[in-house]
Amino acid sequence: MIKRTHTCGELNKSNIGHEIHLNGWISKSRDLGGLIFIDLRDRYGKTQIVFNEENHINAFNTAKKLGLEDVIGIKGVVVARPEDAINKDIATGEIDVEVNEISVYNESEPTPFDINDRNSAMEDHRLRYRYLELRTEDLQKNFVLRHKVTQAVREYMSDDDFIEVETPILMKSTPEGARDFLVPSRIHQGRFYALPQSPQTYKQLLMVSGFDRYFQICKCFRDEDFRADRQPEFTQIDIEMSFVDQNDIMSMATGLVRNIWKKAIGVELPSEFPVITYHDAMERFGSDKPDLRFGLELNEFSDYIDKSDFNTFKDIIKSGGKVKAIVCPNANNYSRKVIDELTDYLKTYFGAKGLAWMKYVDSTLDGGISRFFPDQVKNSIISDLDVQDNSIIFIVGDNKNTVYSSLGALRLKLADNENLIDNSHWSPLWVTDFPLVEWNEEKSRWDSLHHPFTSPDLNDIDLFDTDPSKINSLGYDIVMNGYELGGGSIRIHDRHLQSKVFNLLGIDEKEAEEKFGFLLGAFKYGAPPHGGLAFGLDRIVMLLAGCNQIRDVIAFPKTTSAMSLMDNSPSPVYSDQLDELGLQIKSKKK
RNA sequence: GGGGUGGUAGUUCAACUGGUUAGAGCACCUGCCUGUCACGCAGGAAGUUGCGGGUUCGAGUCCCGUCCAUCCCGCCA
């Protein structure tokens, strides 16, 4: 083998005259007859190597037969390019390597798509040949970035006295929350492990063990339906601390995020991130993960409805609903057709019953539902909401959640339409004061908003018996540009409080003992006050890389139906394997 | 579980209102070419139109079913 003395990204004028060796893949070849130019590529860059019929006939004849993506090693001499042949676009563009010896390690069949152009094939095709897609410059960049992020995390955490502890991948199944991936036990037939949805209980136990400051970069598994930013297995940066309050955790995590952004992409984030309550986030942005890179805030509109003749909305308010409005510029962009499309979008996806509107053009509030408002009320709307000329006001009235979700979605869509989002801008924030529980209509019970170990605000204990919906939790989410980067909470470390919460959630003592007995047991023996949070690593890298799908930063991702197209998993297994596990497959339901 | 979009040569796409032998770029094969870098020129091979049914004289095109991919809603403590 010809071992490389340099990579394909580093030779330049200073190497002229040197005898060097390179290894790499053939990225492009240009055969001019007696002269062949080849772009040789490795993960560091590309170097143009030249085969000349007159100088080195053996190497030349070998090169004649080469195809794209063949892997070769060469020996040659670095030479300056003629003045008019210099390529300023690449780092190695001032030199060539004149090849005098070549060794072909592996010839490539024609590749299923063009390695120089990642978009030269559809995604399912690229996923089938993921190892080739990973050869593309785009993806190589993403994984270098991902490495920088994990390095930045380990450096920051380690410098701050955190230690990384691994927790089990085979653990106890707890049917709360997401659906578990189950693993059958051979030794204990009929029993199952679950893959962790997160190391939540383990990290709390590590606090009881006195580890004080723990972190881990670990895989988590959730068997739910998938999206552009959700995979069945994903990576969390998992963190837990003892003897701290919410502010301690938030300031540590702010520092971590700042360090990641600085080390990975050289961006200085502000030393403190804005903090907004869950209630305000929903009221102002219709989302618990608002994108603060632009305005278009939601405005309260009920007062104007009260003074109008618009009975539909009046009735909604009477029955406990809400009416809110967004003021959007460039009313001239919103023809009847466009408005209808927006309406359909909100109806289809967010359960809105309609989308009301009025336009403010030439100092007149007109069109849509404007005729229901007396002039005086129109004037208040214009001044209160600071409506500029050529604006359109979109109004939704419905139950609280529908108003939030539909106007929250409309806000994002309008920002996109109006090009209001500065993609070079980073806008982090904390969202705090989440409700502890929410009412599950379907199952007629209270569900945790975060998880059952989240501490309620101790000032709200009285509300357990009066109005559980008003109990705040000591939970917090960190949000960047409209994506949830992570979240966490102060945990309950007191058995009695934990029982109280279980009780509220309808988990009786027997069930609690069965599911979480090991954790409750640990709390008998000196559990320190503790809390923590977890970040979605994939999502962080996705944002830093400027991608909008998480698959672009996971080396071997699965499809939205949780298939691995490359190795065809999940796949059937031999009946022997099932027998050993004591399992039998039911015939598929039709 | 529900909705949208897509599936045609190795690949990316085209093919009007259902109508001749389903076309083009890149890749591939053959030949020519000593300064290319999207090299150029000449020629060639390459198709179960995702799959299964149906309507029709005739289906890539229309209808029904199904599979796959993707985006979204539900779901994701």
Side-chain angles (χ1 to χ4, degrees), chain A residues 27-39 46-55 60 65 67-69 79 81-90 92-93 96 98 108-117 119-129 174-180 197-198 200-201 220-232 234 344-352 402 405-406 409 412-413 434 436-438 440 442 446-454 473 475 484 487 489 501 505 507 515 534 536 548-549 551 558-561 563 565 590:
Chain A
S27 172
K28 206 77 180 152
S29 108
R30 293 171 292 278
D31 183 347
L32 273 56
L35 194 64
I36 302 167
F37 294 98
I38 284 176
D39 295 335
K46 288 180 186 173
T47 298
Q48 177 166 272
I49 61 178
V50 188
F51 296 85
N52 194 317
E53 185 171 24
E54 288 171 5
N55 303 343
F60 177 85
K65 296 181 216 125
L68 299 188
E69 301 305 319
V79 298
R81 291 195 192 181
E83 201 63 38
D84 57 350
I86 287 173
N87 184 344
K88 292 196 189 73
D89 296 333
I90 60 171
T92 59
D96 286 327
E98 278 191 357
S108 174
E109 289 184 14
T111 49
F113 58 93
D114 183 359
I115 307 299
N116 294 306
D117 177 13
N119 295 317
S120 67
M122 275 187 294
E123 187 161 12
D124 54 338
H125 198 69
R126 301 195 307 259
L127 283 175
R128 193 155 283 125
Y129 300 95
T174 51
E176 265 75 30
R179 196 177 291 113
D180 279 330
Q197 297 175 28
S198 84
Q200 182 62 36
T201 48
C220 303
F221 307 85
R222 292 178 192 176
D223 189 4
E224 292 293 341
D225 289 342
F226 305 106
R227 294 288 160 76
D229 63 349
R230 282 184 352 213
Q231 282 270 311
F234 59 98
D344 279 348
Y345 172 68
L346 298 187
K347 279 183 178 171
T348 312
Y349 293 124
F350 303 97
T402 305
S405 61
S406 50
L412 295 177
K413 200 156 186 82
F434 283 82
L436 183 72
V437 292
E438 62 186 346
N440 184 328
E442 206 177 307
W446 294 103
D447 278 349
S448 293
L449 205 71
H450 189 47
H451 58 55
F453 316 112
T454 299
S473 75
E484 183 192 324
S489 61
V501 171
L505 298 172
I507 302 172
K515 288 177 178 164
N548 41 27
Q549 45 176 20
R551 291 186 297 276
K558 295 186 174 53
T559 67
T560 46
S561 69
M563 286 278 296
L565 295 179
K590 268 285 172 196

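If you're wondering where the values come from, they're calculated on a predicted model, not measured in any experiment. Protein chains get the first letters and strands the later ones, always in sequence-line order, with residue 1 at the start of each.
The interatomic distance linking A:Ile49 (CD1) with B:U34 (P) rounds to 19 Å, in whole Å. Taking atom NZ of A:Lys28 as the reference point, atom P of B:C37 lies 11 Å away to the nearest angstrom. Atoms CG (A:Asn440) and P (B:C75) sit 9 Å apart, rounded to a whole Å. As a whole-Å value, the separation of A:Asp114 CG from B:G25 P is 16 Å. Atom CG of A:Leu35 and atom C1' of B:C37 are 12 Å apart (whole Å). As a whole-Å value, the separation of A:Gln231 CD from B:C71 C1' is 14 Å. To the nearest angstrom, P of B:A69 lies 11 Å from CD of A:Glu123. Protein atom CG of A:Asn119 is 16 Å distant from nucleotide atom C1' of B:G6, rounded to whole Å.
Among the nucleotides B:U70, B:G35, B:C72, the one closest to any side-chain atom of A:Leu127 is B:U70. The A:Leu68 side chain lies nearest to B:C28 when the options are B:C76, B:A69, B:C28. For A:Met122, taking side-chain heavy atoms from C-beta onward, the closest of the listed nucleotides B:U12, B:C71, B:U11 is B:U12. Side-chain proximity of A:Arg81 to the nucleotides B:U36, B:C39, B:A69 is greatest for B:U36. Listed nucleotides B:U34, B:C75, B:U70 differ in distance to A:Thr559; the shortest reach to its side chain belongs to B:U70. The side chain of A:Phe350 approaches B:C73 more closely than any other nucleotide in the set B:U36, B:C73, B:C28. Side-chain proximity of A:Thr560 to the nucleotides B:C72, B:U70, B:C75 is greatest for B:U70. Ranking B:A27, B:C37, B:C72 by closeness to the A:Pro110 side chain, first place goes to B:A27. Closest contact between the side chain of A:Asp96 and the listed nucleotides B:G35, B:U12, B:C37 involves B:G35. The side chain of A:Asn52 sits closest to B:U34 out of B:U34, B:G10, B:G35.
Remark: the separation of the P atoms in B:G50 and B:G7 is 8 Å, to the nearest Å. Rounded to a whole angstrom, the distance from the P atom of B:U55 to that of B:C16 is 24 Å. Comparing the same atom, P, in B:G60 and in B:G35 gives a spacing of 49 Å after rounding to whole Å. B:C62 and B:G19 are spaced 14 Å apart, taking the C1' atom of each and rounding to whole Å. Look at the P atom in both B:G2 and B:A15: the space between them is 32 Å, to the nearest Å.
Among the heavy atoms of the strands, none lies under 4.0 Å from A:Glu109. At a threshold of 4.0 angstrom between heavy atoms, the contacts of A:Pro82 include nucleobase atoms, whether or not backbone atoms are also involved. Residue-level contact check: A:Gln200 touches the bases, meaning some heavy atom is under 4.0 Å from a base atom. Residue-level contact check: A:Ser561 touches the backbone only, with heavy atoms under 4.0 Å from sugar-phosphate atoms and none from bases. Residue-level contact check: A:Gln48 touches the bases, meaning some heavy atom is under 4.0 Å from a base atom. Residue A:Asp225 is in base contact, counting any heavy-atom pair closer than 4.0 Å across all strands shown. If you check every strand for non-hydrogen atoms under 4.0 Å, A:Arg128 touches nothing. If you check every strand for non-hydrogen atoms under 4.0 Å, A:Leu449 touches sugar and phosphate atoms only. Residue A:Ala228 is classed as a sugar-phosphate contact, given heavy-atom separations below 4.0 Å to backbone atoms only.
For A:Arg551 and B:C71, the shortest distance from a side-chain N or O to OP1 or OP2 is below 4.0 Å. Between A:Arg30 and B:C39, a side-chain N or O to OP1/OP2 separation shorter than 4.0 Å is present. At the phosphate of B:U11, OP1 or OP2 sits under 4.0 Å from a side-chain N or O atom of A:His125. Put simply, A:Gln549 has a side-chain N or O that comes within less than 4.0 Å of OP1 or OP2 on B:C71. Regarding contacts with the backbone of B:C73, a side-chain N or O of A:Arg227 is found under 4.0 angstrom from either OP1 or OP2. A:Ser120 has no side-chain polar atom (N or O) that falls below the 4.0 Å cut-off from OP1 or OP2 of B:A27.
Side-chain contact annotation: A:Asp180 with A:Gln197, donor-acceptor N/O pair under 3.5 Å present. Between the side chains of A:Arg30 and A:Gln48, a donor-acceptor pair is found at a separation under 3.5 Å. Between the side chains of A:Thr47 and A:Asp39, no donor N or O sits under 3.5 Å from an acceptor N or O.
Rounding to the nearest 0.5 Å places CG of A:Asn55 at 6.0 Å from CD of A:Glu98. How far CD1 of A:Ile86 is from CZ of A:Arg81: 8.0 Å, rounded to the nearest 0.5 Å. Rounding to the nearest 0.5 angstrom, the gap separating the CD1 atom in A:Ile49 from the CD1 atom in A:Ile38 is 5.0 Å. Atom OG of A:Ser489 sits about 6.5 Å away from atom CD of A:Gln200, to the nearest 0.5 Å.
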Checking A:Glu224 against A:Arg179 for the side-chain contact (heavy atoms from CB on, under 4.5 Å) test, could you report, in this order, the C-alpha distance in whole Å, the side-chain angles of both residues, the deciding distance, and whether it holds? CA-CA 6 Å; A:Glu224 292 293 341; A:Arg179 196 177 291 113; 3.5 Å; yes
Tell me, with the steps shown, if A:Arg551 and A:Glu123 meet side-chain contact (heavy atoms from CB on, under 4.5 Å). CA-CA 10 Å; A:Arg551 291 186 297 276; A:Glu123 187 161 12; 2.7 Å; yes
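Donor-acceptor pairing under 3.5 Å, judged by distance alone, is absent between the side chain of A:Arg222 and the base of B:C76. On a pure distance criterion of 3.5 Å, no polar donor-acceptor pair joins the side chain of A:Asp39 and the base of B:C37.
Applying the Watson-Crick and G-U wobble criteria (two distances, each under 3.5 Å), B:G19 pairs with B:C57. With a 3.5 Å ceiling on both atom-pair distances, B:U36 lacks any Watson-Crick or G-U wobble partner. Base-pair partner of B:A69: B:U5 (Watson-Crick or G-U wobble, both distances under 3.5 Å). Both distances falling under 3.5 Å, in either a Watson-Crick or a G-U wobble arrangement, place B:C41 opposite B:G31.
When all heavy atoms of A:Ser108 and A:Leu68 are compared, the pair lying nearest together is CB-O, 3.6 Å. For the pair A:Asp89 and A:Asn87, the tightest heavy-atom approach, listed with the atom from each and the gap, is N-OD1, 2.9 Å.
A:Lys413 forms a cation-pi arrangement with A:Tyr345, by the criterion of a distance under 6.0 Å to the ring centre and an angle within 45° of the ring axis.
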Enumerate the protein-to-nucleotides 41-51 of chain B contacts in which both atoms are nitrogen or oxygen and the separation is below 3.5 Å.
none

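By the stacking rule of 5.5 Å between ring centres and under 30° between planes, A:Phe37 stacks on the base of B:U36.
Mapping A:Ala85 and A:Ser448 onto RNA chain B by nearest heavy atom places A:Ala85 closer to the 5' end of the strand.
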